[in-house]
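Note sheet for the following structure.
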Amino acid sequence: MGLFSSPAKVYKPAADVDLGPGSDEFYISPNVKAPRVAGLLVKIFVWILEMPIVGQIVLYILKKDNLINKLVSDADIPEPPLFTATHSWEDIPEQNVMLTKPDLPAAERVQEAVGCLPARLEATLAADAPSPGLKRWTIRDFYDAYSSGETTPVQVATRFLAAVKESSGPGLNMAFFISCDPEDVMRQAEESTLRYQRGAPLSALDGVLVAVKDEIDCAPYPTTGGTRWLGAARRCEADAACVAQLRACGAVLAGKANMHELGAGTSGINPHHGSTRNPYNAGKVAGGSSSGSAAVVCAGLCPVALGVDGGGSVRMPAALCGVVGFKPTAGRLSSAGVLPLNWTVGMPGILAGTVEDALIAYSAIVDQSQPSYLRPELNLPQLKSSLSINNIKLAKYAKWFNDSAEDIRSCCDKALKTLQAHYGWQTVDVTIPEIEEMRLAHYVTIGSECTTSLAKYLDKLKRSEIGWDARVALSVYGSFSSRAYLNSQRLRNRQMYFHKEIFKTADVIVSPMTGVTAYTLQDDAFDTGELDYINGAALVRYSIAGNFLGLPAITVKVGYDKGGLPIGLQFIGRPWSEATLLHIAFAMQASGDTTLSSEACAKGYRKPAVFYDLLKKE
């Protein structure tokens, strides 16, 4: 369609790009040209896209208007393609860590992680004046309560099931879970209770409730991927590797958490299983695609949940719901038993109420199945040290950092200054080139891999089985050419070079987690889903490097906007630097709880509007 084409971008060699603060590289803020549509308008749009000739023309215009053709498909890129985001092991010097012994079972790794925690955890997070009384109980709180006989896993599971029933009812309709089997939950809780009565719990995770995103195999549940058809088409025959390790630690697998259909969206709106609502405000989105996993942790139903992060799908909803979202280095966790929706950009991740609990869950599910000579070493951060770590350099790209809503920008900037004041850490100004180009290249990559993975099912499936918004996504995904995919991998190669160069001068890259806070759920989207690419682009603005480049990243809450909705700050690290990231996030959590204070960056922890205290310690 040369008649409609525009001049393609010609990239200069990556080595010639200036990464310094005074670089003349032009920052492109996403200028999405697509109106929000839902309800009947989504259906009409789907019918147009699925028309043989007209649909192809419309798709071409959409890609042209949104710069995919100019910046990716038709671009002239000097670098060869880089097809995966894997990293060879490097022995990176990390401060104040403990090197774990090789071949430890998951339960023993958990106990080593517990040994890295402070002697006294801030289990009861101080709430601010407008909403007192938030008690975000940690894994160790549950373990201590079970060990002392103060309560039992059976009693907690009973309260949990009652809370799930209440939150799923017509009064709240929170849509936290796609499936939750009360009999299976109680069976696990009874077995755990017996172990505590014998004085032989398997680990600190024994009896602790953990939700699992419905993109990860967990017996006895089907894995639906948020659809109404995939669970029957692809049978779940065993636990995913990460779930099996949690089960070996005695965790009570609480059910399959809700998600955006096929992970193909950022809102968590699901026309088949209900739209997950944000516990801070039930009229707002929870984010996606690991919407249910973030919301159940936020609401106090589980201290930890598993998600899958292909484009910020763990970290983004974590930020919107005010919890910790942690995505380790590509290859650190096994993807065995995870739906293969995006081979080179997706992997399991952790959502937790606190950084301490993220550490414990991480220690449990680290992949130790590889031969020892291929396996990266596992460092755990010594969070019990009062000195934390020093001489940390935080890379900040100001134009990108500031491309967010005013409340987010102000709050994250104050959080960064807090770290500098408390620990003497240094901010290093840098330029990260081609941010928007990377977002588009990631979009081409994740879309192409999704349609390829699902092709054997989609070819036999009635279109009516798929949600309307997911049909739009699949139409766009299926339109990408081999040239677009290959050019995306060439851009991946460039970005890998840029980030490696930046990490020569800084320990982590810091940014807001999202460009906007949770936005409003609108009634016209519940049955059809919605197309809101403007908010979607704002939500993923800071997510992409973690997935496209396989880098570890973590987000932690640093405050609230003027409407009381959470704001997250993100740290992106070098490959295999998870211990350093956890140290930094823990320092942010500890200092941010008591010092951040302004109208747009309230201190402390506000209690979500929908919240359950499963230990009942009042």
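These numbers come from the heavy atoms of this one structure, side chains and all, not from hydrogens, waters or symmetry mates.
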[X] side chain vs [Y] backbone, donor-acceptor pair below 3.5 Å:
X    : Y    : value
Q245 : I365 : yes
S168 : K165 : no
S275 : P271 : no
E90  : P575 : no
H499 : Q495 : yes
H273 : T227 : yes
N278 : L320 : yes
N270 : M259 : yes
Q111 : E108 : no
R277 : A282 : yes

Note, [X] side chain near [Y] side chain (heavy atom, < 4.5 Å):
X    : Y    : value
F503 : I509 : yes
T266 : M316 : yes
L614 : L209 : yes
F176 : V164 : no
R541 : T514 : no
I466 : L458 : yes
I584 : M588 : no
F142 : T151 : no

Heavy-atom closest contact ([X] atom, [Y] atom, distance):
X    : Y    : answer
L351 : A318 : CD2-CB, 4.0 Å
C116 : P381 : CB-O, 3.2 Å
G225 : L339 : CA-CD1, 3.6 Å
V208 : A204 : CG2-O, 3.7 Å
A358 : V324 : CB-CG1, 4.1 Å
W343 : P340 : NE1-CB, 3.4 Å

Hydrogens and angles aside, do [X] and [Y] bring a side-chain donor and acceptor to less than 3.5 Å of each other?
X    : Y    : answer
D91  : W576 : no
D214 : T224 : yes
D469 : H260 : yes
Q489 : N493 : no
T344 : E449 : yes
K213 : S290 : yes
N379 : E94  : yes
S192 : D206 : yes
N547 : R315 : yes

Closer than 4.0 angstrom, basic N to acidic O: yes or no for [X] and [Y]?
X    : Y    : value
D217 : R235 : no
R187 : E191 : yes
E578 : R332 : yes
K327 : D309 : no
R375 : D103 : yes

As a quick check of understanding, evaluate side chain to side chain donor-acceptor pair (under 3.5 Å) for T555 and Q570, giving each step before the final call. CA-CA 4 Å; T555 181; Q570 175 181 228; over 6 Å; no

Nearest 0.5 angstrom please: [X] [atom1] to [Y] [atom2], how far?
X    : Y    : atom1 : atom2 : value
M513 : K557 : CE    : NZ    : 16.0 Å
M174 : E166 : CE    : CD    : 11.0 Å
E112 : L99  : CD    : CG    : 9.0 Å
L549 : T329 : CG    : OG1   : 12.0 Å
T580 : I554 : OG1   : CD1   : 11.5 Å
L359 : T354 : CG    : OG1   : 9.0 Å

Centroid-centroid distance, F480 to Y485, less than 6.0 Å: no

Partner of R109 under side-chain contact (heavy atoms from CB on, under 4.5 Å), chosen from V114, I360, L378: L378

Consider side-chain contact (heavy atoms from CB on, under 4.5 Å). Of P608, S293, P566, P317, which one does C298 pass it with? P608

Step by step, would you call E356 with R140 a salt bridge (charged side-chain N to carboxylate O under 4.0 Å, His left out)? CA-CA 9 Å; E356 300 93 321; R140 203 161 78 167; over 6 Å; no

Stepwise side-chain contact (heavy atoms from CB on, under 4.5 Å) test for V210 and V252: CA-CA 6 Å; V210 179; V252 174; over 6 Å; no

